[in-house]
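Structure first, then comments.
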Amino acid sequence: MAEQSPRRVAVTGLGVACAIGTDIESFRTSLFAGRGGIARLRSLDTSEMKVGIGGEVDPDFVPAGLKRLRRRPADRAVDLGLVTAAEALEDAGLIDGAPPYEAQPVAVILGTAVGAAESNTTLQQRFAERGVRGLRPTSVPRVMDNAISGGISIHFRLTGANFVVISACTSATNAMGTAYRMVRHGYADTVLTGGADGFFDPFYYGVWNNLGVMSKNPDPARACRPFDADRDGCVLGEGAGMLVFESWDRARGRGAPVRGEIVGYGESSDASHITSPSAEGQAAAMRAALASAGIQPADLGAVNAHGTATLANDVCESGSICTVLGGAAERAPVSANKSYFGHTLGASGAIEAIASLLGIERGLLPPNLNLENPDPECRVRLVGGDPEPLERPFVMKNSFGFGGSNGVLVLGPGE
């Protein structure tokens, strides 16, 4: 398809699964009630690890969802993606009920940080136990990172392009930015986008445990403390967030409810360090997103921060926000959703973008959990322990990842 004049990009479908909700309504209710979901891990033996907490999805969610879709379990990330994709596609009015589905030209562009982690761990265990004889022929398609996008494309018969974006914690935001550009410039009319990650297994959780960046707070509910002076690290969470993007005219033409609009996107690379963030790189992505949206910092109603609750990230991100917004930083409150459901790595940008869109719909910002002693080095205006009115409708969603990748979206109302 030839490039066209830029088109408005509507969000017409949402689907989510994380520690505070396994559908949009339960997620919204927990978010605005200030009810977190971080707890002791049940699905993993952490007795030999330093940390044993995380944001787990309700254990009944995936089996019930797969049964409805007439699917057998494949891989945790794939399964989370499939069931949340069904909710988003149904919300957009693109599917109805159980399979089989009619083929339709919808692209699938998703983010993931660790891909088919469960399948990879199982494969490693079989190889350690039985050598090459333990490697089944089905291992290759099961452990491909694009098993997530491919599985969704095949199951729902979505015939547009399908691929995954892998850029650590920025994966879903980069995927959504790619989807936004595809629709905006006429390379696709409809894209299912977002991200999924599931990594509560001995290998992947184990390596994060040994990285030394996770909170050791003995109280799981108070462990994730973005921008708080007493923060001591991040908390991991599994989950998936799915969104349907389509051209504004197509959405209106078929009578689809518009949940919001993607109005801008920017990206950059720090090109400095594999794990340490760069305020200059983050600021470059924020400026690019604002320029893409055609708005000024004073137009922003809020910033949905990456906010990992690590010592380095929160100070760095606060500095980059202040640099870009200038005086407007005093009027644009900052929220940090990871205190609710943990850091979902490659899915985080999608889940937090959904939180932002729900906030725009309600004209309300959810509270920040565990912000009892704001860090004076984080010189931004933080949402407190109660919901706060969203005075201007545009929200900037930040995502920053290991490897120096930065992705920023600007979200607006569905008007």
Side-chain angles (χ1 to χ4, degrees), residues 1 3 6-16 77-78 80-89 91-92 94-95 103-116 144-197 239-247 250-251 259-267 289 292 344-354 357 397 399 401 405 407-411:
M1 182 183 294
E3 186 168 347
R7 305 186 293 182
R8 294 178 69 184
V9 180
V11 181
T12 57
L14 301 174
V16 71
V78 174
L80 284 167
L82 272 162
V83 182
T84 52
E87 183 184 14
L89 292 167
D91 189 38
L94 295 176
I95 65 169
Q104 49 188 321
V106 176
V108 182
I109 313 299
L110 303 178
T112 185
V114 295
M144 298 186 309
D145 290 328
N146 66 313
I148 303 172
S149 63
I152 290 171
S153 173
I154 292 166
H155 184 79
F156 297 106
R157 300 195 67 201
L158 307 178
T159 62
N162 91 76
F163 56 86
V164 297
V165 176
I166 301 175
S167 49
C169 311
T170 319
S171 299
T173 299
N174 289 152
M176 291 186 292
T178 300
Y180 162 74
R181 289 172 175 166
M182 289 173 69
V183 175
R184 180 169 172 77
H185 296 296
Y187 293 98
D189 290 324
T190 309
V191 183
L192 175 69
T193 187
D197 260 323
M242 297 290 161
L243 306 90
V244 175
F245 291 1
E246 61 184 295
S247 69
R250 183 179 188 277
R259 309 297 301 264
E261 182 177 3
I262 309 300
V263 297
Y265 170 65
E267 60 197 354
S292 170
T344 55
L345 300 186
S348 62
I351 296 173
E352 292 157 22
I354 290 170
L357 288 166
K397 168 66 217 139
S399 293
S405 60
V408 177
L409 289 166
V410 179
L411 313 171

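Quick note: numbers below take in every heavy atom, side chains included, and nothing from hydrogens, waters or symmetry partners. Residue indices begin at 1 and follow the sequence shown. Fair warning: this is a prediction, and the values are worked out from it, not measured in the lab.
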Worked verdict on Val263 versus Tyr180 for side chain to side chain contact (heavy atoms under 4.5 Å, CB included): CA-CA 9 Å; Val263 297; Tyr180 162 74; 5.8 Å; no
Met242 and Glu87: CA distance, side-chain angles, deciding distance, side chain to side chain contact (heavy atoms under 4.5 Å, CB included) verdict: CA-CA 8 Å; Met242 297 290 161; Glu87 183 184 14; over 6 Å; no
Candidate pair Asp189 and Arg7, rule side chain to side chain contact (heavy atoms under 4.5 Å, CB included), full reasoning: CA-CA 10 Å; Asp189 290 324; Arg7 305 186 293 182; 3.0 Å; yes
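Taking OG1 of Thr84 as the start and CD1 of Ile152 as the end, the distance is 6.5 Å to the nearest 0.5 Å. A distance of 5.5 Å separates OG1 in Thr178 from CZ in Phe163, rounded to the nearest 0.5 Å. Here the CZ-OG1 distance, from Arg250 to Thr190, works out to 3.5 Å after rounding to the nearest 0.5 Å. For the atom pair Leu192 CG and Leu89 CG, the distance stands at 5.0 Å (nearest 0.5 Å). Considering CD of Glu267 and OG of Ser292, their distance stands at 10.0 Å, rounded to 0.5 Å. Rounding to the nearest 0.5 Å gives a distance of 4.5 Å between CZ of Arg259 and CG of Asp91.
Phe156 and Leu82 get closest at one heavy-atom pair: CZ-O, 3.6 Å. In terms of heavy atoms, Gly195 sits closest to Ala350 at N-CB, 3.8 Å. Ser399 and Gly349 get closest at one heavy-atom pair: OG-CA, 3.7 Å. Residue Ser149 comes nearest to Asn162 through the heavy atom pair OG-OD1, 3.0 Å, listed as atom of the first residue, atom of the second, then distance. Heavy-atom minimum distance, Ala88 versus Gly15: CB-N, 3.7 Å. Across every non-hydrogen atom of Ser405 and Ser167, the tightest pair is OG-O, 3.1 Å.
When atom types are taken as modelled, the side chain of Thr170 and the backbone of Gly401 share a donor-acceptor pair closer than 3.5 angstrom.
Looking only at side-chain heavy atoms (C-beta outward), Leu411 and Ile262 come within less than 4.5 Å of each other. Counting heavy atoms from C-beta outward, Val11 and Phe245 have side chains that approach closer than 4.5 Å. For the pair Leu158/Gln104, a side-chain contact is recorded, criterion being any heavy-atom separation below 4.5 Å from C-beta on. Considering only heavy atoms from C-beta on, Leu243 comes within 4.5 Å of Leu357 through its side chain.
Screening Val108, Val9, Ile109 for a side chain to side chain contact (heavy atoms under 4.5 Å, CB included) involving Val191 leaves a single residue, Ile109. The only option from Asp145, Asp197, Asn146 that meets the side chain to side chain donor-acceptor pair (under 3.5 Å) definition with Thr112 turns out to be Asp197.
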